[in-house]
Amino acid sequence: MQLIDGKAIAQKINSESRQTVAWLTAQGHTPGLAVVLVGDDPASRAYVRSKDAMCKELGMYSVKKELPADVSQETLLALVRELNADPAIHGILVQSPPPAHIDERAVVETIDPRKDVDGFHPVNVAKVALGDADAFVPCTPLGCQRLLIESGIETCGAHIVVLGRSMIVGKPLALLLMQKGKGGDATVTVAHSRTRDLAAVCRSADILIAAIGKPQFVRENFVRDGAVVIDVGINRISDPTAKNGSRLVGDVAFDEVAPKCRAITPVPGGVGPMTIAMLMANTITSCKRFAGLA
Ligand code: GUN
């Protein structure tokens with residue numbers, strides 16, 4: 001069984017990014033990312049903090065905007081417009097999910113598609129569906145695909161079951177994996193909570209990608225012997241034996257599934273670090289485009 005070390009692969013990508021940032025900076029173009037957090041959800045706060053920290057680590061410019069949970073839609077949209085107009089900013093990310101009174105769709109549609117490094121704007125969603133090389137591809141799907149490529153796991157002709165149909169992960173990931181070319185050419189099934197005989201469908205996968213957002217949902221009977229399992233889940237569950245009373249687990253019951261796998265990603269240290277690495281890479285791409293260097 002191969003443990004897919006997402007942390008090590010992300011570090012390799014990040015060190016390439018650091019060199020690219022240094023090269024761009026030497027020419028007067030420092031990639032800049034704005035991360036916007038509305039409210040004080042602890043998980044979102046932690047993600048935003050690590051994105052901001054990674055920017056600094058790579059020598060990028062980073063602004064972190066924290067808005068109170070009761071901020072008005074208009075104030076948030078005004079901030080997005082201000083960031084659209086700021087030439088030092090090449091990527092804008094509004095951490096999802098926002099509080100219930102915010103119309104997330106309107107926020108996403110206000111972001112300049114050329115700065116939409118999350119790949120959530122309808123223009124980029126359409127470009128991904130069209131297979132347009134200009135698309136900003138959402139970071140988690142891009143990270144999953146890159147993890148498979150870097151780990152030498154062949155997707156061409158493979159049956160890949162994507163468990164989960166979210167706009168952030170499942171749906172764009174299915175589109176990526178069925179595209180022609182490297183990291184694509186797969187036969188893709190999208191399964192979800194309403195799929196009939198879900199365990200049997202998952203068991204038919206050569207590669208199973210769990211992105212259903214339910215802690216340890218994928219059990220031993222979901223996985224065929226010799227399958228590859230990619231676990232996108234990040235769930236905090238209570239654990240009285242842990243230092244702070246909780247710990248992170250994926251969407252896969254790792255201990256019972258891992259022995260059956262050819263390869264599997266851990267949580268943490270699998271997909272998570274790849275997502276951030278891809279966000280940095282998308283922001284660098286955006287900077288290059290604005291500078292006329294890509
Ligand atoms: N929430 C969970 N994943 C993401 C992501 O990739 N981008 C944003 N903006 N919010 C998220």
Side-chain angles (χ1 to χ4, degrees), residues 6 10 13 32-55 62-67 69 71 76-77 79-80 83-84 89-100 102-113 115-125 128 135-147 162 164-176 209-215 230-236 248 250-251 267-268 270-286:
I13 295 166
L33 176 69
V35 287
V36 180
L37 173 67
V38 183
D40 45 19
D41 174 67
S44 290
R45 187 176 286 279
Y47 297 143
V48 163
R49 202 182 311 120
S50 34
K51 290 164 184 175
D52 181 56
M54 184 58 72
C55 280
S62 165
V63 289
K64 191 170 66 171
K65 303 276 188 186
E66 302 194 32
L67 301 173
V71 74
L76 177 56
L77 294 185
L79 172 61
V80 171
L83 295 166
N84 281 342
I89 295 297
H90 308 97
I92 301 170
L93 176 151
V94 181
Q95 187 64 32
S96 181
I102 297 291
D103 177 358
E104 186 170 18
R105 176 127 190 207
V107 175
V108 167
E109 288 184 7
T110 301
I111 297 172
D112 183 337
K115 296 191 177 186
D116 170 39
V117 288
D118 256 336
F120 293 173
H121 190 285
V123 164
N124 286 310
V125 175
V128 171
F136 279 120
V137 179
C139 304
T140 302
L142 197 55
C144 289
Q145 186 187 44
R146 186 73 182 269
L147 211 46
V162 176
R165 53 180 160 176
S166 71
M167 281 310 302
I168 297 188
V169 187
K171 212 183 266 190
L173 181 54
L175 287 170
L176 278 191
I209 305 185
I212 197 165
K214 294 179 183 163
I230 305 293
D231 189 351
V232 179
I234 304 178
N235 311 285
R236 190 163 282 285
L248 290 180
D251 289 352
V267 175
V271 175
M274 294 296 293
T275 296
I276 299 191
M278 295 300 103
L279 174 66
M280 301 298 120
N282 279 352
T283 305
I284 292 166
T285 298
S286 177

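Each residue takes its place number in the sequence, starting with 1. Numbering of ligands and ligand atoms starts at 1, following listing order.
- Contacts with ligand 1 closer than 4.0 Å are made by backbone heavy atoms (N, CA, C, O) of Val94 only, the side chain lying farther away.
- Note: Ile230 CD1 to Ile209 CD1 = 6.0 Å, rounded to the nearest 0.5 Å.
- Across the listed options Val232, Leu279, Val48, Asp118, Asp118 owns the non-hydrogen atom lying nearest to atom 6 (O) of ligand 1.
- Atom CD1 in Ile284 sits 10.5 Å away from atom CG in Leu33 (nearest 0.5 Å).
- Looking at every heavy atom in both residues, Cys139 comes nearest to Thr275 through CB-O, 3.5 Å.
- Closest approach of Val271 and Cys144 over heavy atoms only: CG1-SG, 4.0 Å.
- Using 4.0 Å as the threshold, Tyr47 has no heavy atom nearer than that to any atom of ligand 1.
- Checked by distance only, ligand 1 and Gln95 come closer than 3.5 Å through their nitrogen or oxygen atoms.
- The distance from the CD1 atom of Ile111 to the CZ atom of Phe136 is 11.5 Å, given to the nearest 0.5 Å.
- Close contacts of ligand 1 with Phe120, meaning ligand atoms under 4.0 Å from a residue heavy atom, involve 5 (C), 7 (N), 8 (C), 9 (N).
- Evaluated for a side chain to side chain contact (heavy atoms under 4.5 Å, CB included) with Met278, the options Thr140, Val137, Val117, Leu142 yield exactly one hit, Leu142.
- Considering only non-hydrogen protein atoms, atom 1 (N) of ligand 1 sits nearest to Ser96 O, 2.9 Å.
- For ligand 1, the atoms lying closer than 4.0 Å to a non-hydrogen atom of Leu93 are 9 (N).
- Counting heavy atoms closer than 4.0 Å to ligand 1, residue Cys139 contributes nothing at all.
- Heavy-atom proximity to atom 3 (N) of ligand 1, evaluated over Asp41, Val107, Val117, Ile168, is greatest for Ile168.
- Only one option out of Asp112, Val108, Val94 pairs with Val80 in a side chain to side chain contact (heavy atoms under 4.5 Å, CB included); it is Val94.
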